[in-house]
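Data first, discussion second: the structure below is written as structure tokens.
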Amino acid sequence: MNRRATLGFLTAAACGLAFSGPVLAEDAPSGSVTIESTSIALGIGVTWGEGELTYKGKVYKFSVSGLSVIDLGLSNVTAVGKVYHLDKLEDFPGNYVAGQAGAALGGGVSGTHMQNQNNVIMNLKATQTGAKLTLAAEGVQIKWSD
């Protein structure tokens with residue numbers, strides 16, 4: 001790997017290790033999510049989309065927006081996953097940080113572990129179409145939809 005790619009990978013790995021509330025095998029999910037998003041980038045990227053949280057038998061709609069660095073490309077992402085450590089519905093919105101480094105060309109599947117300031121964790125499995133290269137940690141903001 002070249003020096004820049006190595007630095008990006010180490011940054012993403014450090015962010016992944018910084019999470020304070022890991023999901024253990026015995027943890028039961030609090031709910032589930034589906035997210036549809038689009039990302040466009042040339043150096044610094046912007047992501048936007050929408051999703052649904054299923055929590056205690058009800059569905060709640062939310063919006064997703066975010067920023068990433070050292071990105072290149074255009075992609076559409078569909079993600080599904082489980083939510084952990086969600087004790088109160090009001091703890092779900094917020095700023096989530098994901099530690100990852102990866103690439104997709106023409107489509108790919110990846111896993112992402114995200115955590116917000118309330119220690120709510122989302123473990124997502126994402127399918128990506130388009131071409132995108134990510135070499136640094138990403139952050140996304142989740143808000144309830146109107």
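We use all heavy atoms of the structure for the numbers below, so side chains are in, but hydrogens, waters and symmetry mates are not.
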Would you say Asp27 and His85 are linked by a side-chain donor-acceptor pair, where the criterion is simply a distance under 3.5 Å? yes
About how many Å separate OH of Tyr55 and NZ of Lys88, when rounded to the nearest 0.5 Å? 9.5 Å
Find the distance between CD (Glu50) and OG1 (Thr34) and round it off to the nearest 0.5 Å. 9.0 Å
Side chains of Leu53 and Ile142 in contact at under 4.5 Å (non-hydrogen atoms): no
Looking only at heavy atoms, the pair that brings Ser63 and Ser145 closest together is N-OG, 3.5 Å
Mind checking the NZ-CG spacing from Lys143 to Asn95? Nearest 0.5 Å is all I need. 9.0 Å
In one Ile/Leu/Val/Met/Phe/Trp/Tyr side-chain cluster, 4.5 Å: Leu86, Trp144: yes
Would you compute the distance between atom OH of Tyr96 and atom CD of Gln117 and round it to the nearest 0.5 angstrom? 7.5 Å
Is the backbone of Asn118 close enough, under 3.5 Å, to the side chain of Asn116 for a donor and an acceptor to pair up by distance? yes
Tell me yes or no: between the side chains of Thr78 and Glu36, is some donor less than 3.5 Å from an acceptor? yes
Is the shortest side-chain heavy-atom distance between Tyr60 and Leu89 below 4.5 Å? yes
I need the Lys82 NZ to Leu124 CG distance, nearest 0.5 Å. 11.5 Å
Is the distance between the ring centroids of Phe92 and Phe62 less than 6.0 Å? yes
